[in-house]
There are 2 protein chains.
Amino acid sequence: MEYEDEDRLCVTLEEFSLATENGSGMKRTGRKRSYDDDTREYKSKNLETERRRREKLSSRLLMLRSIVPIITNMNKATIVEDAITYIEKLQAKVQSLSHELHQMEATSEDTAETKTDEIDAAEDMRKWGIQEEVRVAQIDGNKLWVKIIIEKKRGRFSKLMEALNSFGIEPIDTNLTTTKGAFLITSCIQGKDGDRLAIHQTKNLLQDIINEI
Amino acid sequence: MEYEDEDRLCVTLEEFSLATENGSGMKRTGRKRSYDDDTREYKSKNLETERRRREKLSSRLLMLRSIVPIITNMNKATIVEDAITYIEKLQAKVQSLSHELHQMEATSEDTAETKTDEIDAAEDMRKWGIQEEVRVAQIDGNKLWVKIIIEKKRGRFSKLMEALNSFGIEPIDTNLTTTKGAFLITSCIQGKDGDRLAIHQTKNLLQDIINEI
DNA sequence: TTCTACACGTGACGC
DNA sequence: TGCGTCACGTGTAGA
């Protein structure tokens, strides 16, 4: 006789535990298949497959619930619902942040007009024979004098100041003059806490900054 | 193992139809079926409820799939899986953007030393009798002369320049002097494309900017 | 055919 | 008690 042990096993696993828990006794279905006699208990072939599928889905839902911070209910449907709202919130936040960041970066972006301005600026500089220039000299123990001549671009001065600040360089006295398609910037700078600034390193830093803005 | 074979747990579709057909499909119910005679066929009271529940879950899963951009498969499990990865991606992106933005804003952040510097600056200003001041005057048709005296804070000048640029105000000639805990800024400004700047509005704008930086 | 994914109706369990 | 949710095994449709 074929006692379907594996059949009983796979089916019973939870039922058995449940039965053992509540002591309600084993209850099992007789198979009512087209070929079915009273003693015959057989299962469909996809029983295990279906069980795996269910388990998989449940597991994924559990994972989903685990990464969604706000949970209103433990229901499967509500898990998905919360995930949906959370995704929407995340999307909105990403868009907002991205927009904000873009706005922040675009405070001195190049527009088409700016482009033409730049062309005009470069042309002006060439016409007037103005060369870009970065000079750094020592004033006293912890102050440097800086002279910068660069092509005029919109927002470039702002970016330069920002970069200086980010590198811990504090402008004490600064002068900007715009003329003939060029920025002439002279500044007296010092370190963040009065630290001494090395001349050559500062000059290189300035040139790096200028090349990037 | 004691399993009652006579107990019928699974009364499925075909049994149902069978029962409706001939009425003899039901064999007998030993224990679970409290109310079940041979001729009656309906039993599941929660049939419609369960159907709604399933429909709800399926619908939510469909919605979830609709808002997740990358879909590898149409399976329910894969839908949830893709949603999970998408959420993780979104979370990472939010964190990255937030960090980047914070970094960008923190280029001129207040540290403890800065705080004391600010205190010293305010104290200095009070000691020397320097008042904050914003003055705007007309130079010619499209240029304004601006004089600003504000408390010295790290990065404040940079922020001011940035704000001006973001509002389409172009500094032509600018002078910054740091003394006695204060920034003295004088600047000749004009509109982005040579547009005329209204005096009062510009002054209000400047004061708003200063209050925020 | 077999394989895969799904919807179905049902009993069990918790509140 | 009833209502809501779940896992179960099965039939079935598409590839």
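All chains are named by letter (A, B, ...) in the order of the sequence lines, taking the proteins before the strands, and each is independently numbered beginning at 1.
Atom CD1 of I79(A) and atom C1' of dC6(D) are 12 Å apart (whole Å). The interatomic distance linking M74(A) (CE) with dG14(C) (C1') rounds to 12 Å, in whole Å. We find that CG of L57(B) is positioned 11 Å from P of dA7(D), with the value rounded to whole Å. The CZ atom of R52(A) sits 15 Å away from the C1' atom of dG9(D) (whole-angstrom rounding).
The N46(A) side chain lies nearest to dG11(D) when the options are dG9(D), dG11(D), dA7(D). Set against dG9(D), dA5(C), dT10(C), the side chain of L47(B) has dT10(C) as its closest nucleotide. Listed candidates were dC6(D), dG9(C), dT12(D). Nearest to the side chain of N75(A) is dC6(D). Nearest nucleotide to the R54(B) side chain, out of dG9(D), dG9(C), dC6(D): dG9(C).
Judged by atom type and distance alone, E55(B) does not reach the base of dA7(C) through any side-chain donor-acceptor pair under 3.5 Å. For dC8(C), its base never sits under 3.5 Å from the side chain of E50(B) at any donor and acceptor pair.
Across all non-hydrogen atoms, the minimal contact from L176(A) to I185(A) is CD1-CG1, 3.8 Å. Nearest heavy atom pair, residue I149(A) against residue A182(A), reads CG2-CB, 4.4 Å.
Interatomic distance, CG of N73(B) versus OG1 of T78(B), reported as 4.5 Å (0.5 Å rounding).
Checking the phosphate oxygens (OP1, OP2) of dA7(D), a side-chain nitrogen or oxygen of K76(A) falls inside 4.0 Å. Between dG9(D) and R51(A), a contact under 4.0 Å exists linking OP1 or OP2 to a side-chain N or O.
Within 6.0 Å of atom CD in Q95(A), 12 or fewer heavy atoms from other residues, nucleotides or ligands are found, so the atom counts as exposed in its surroundings.
Closest-nucleotide positions on DNA chain C for N73(B) and R53(B) were compared, and the one nearer the 5' end corresponds to N73(B).
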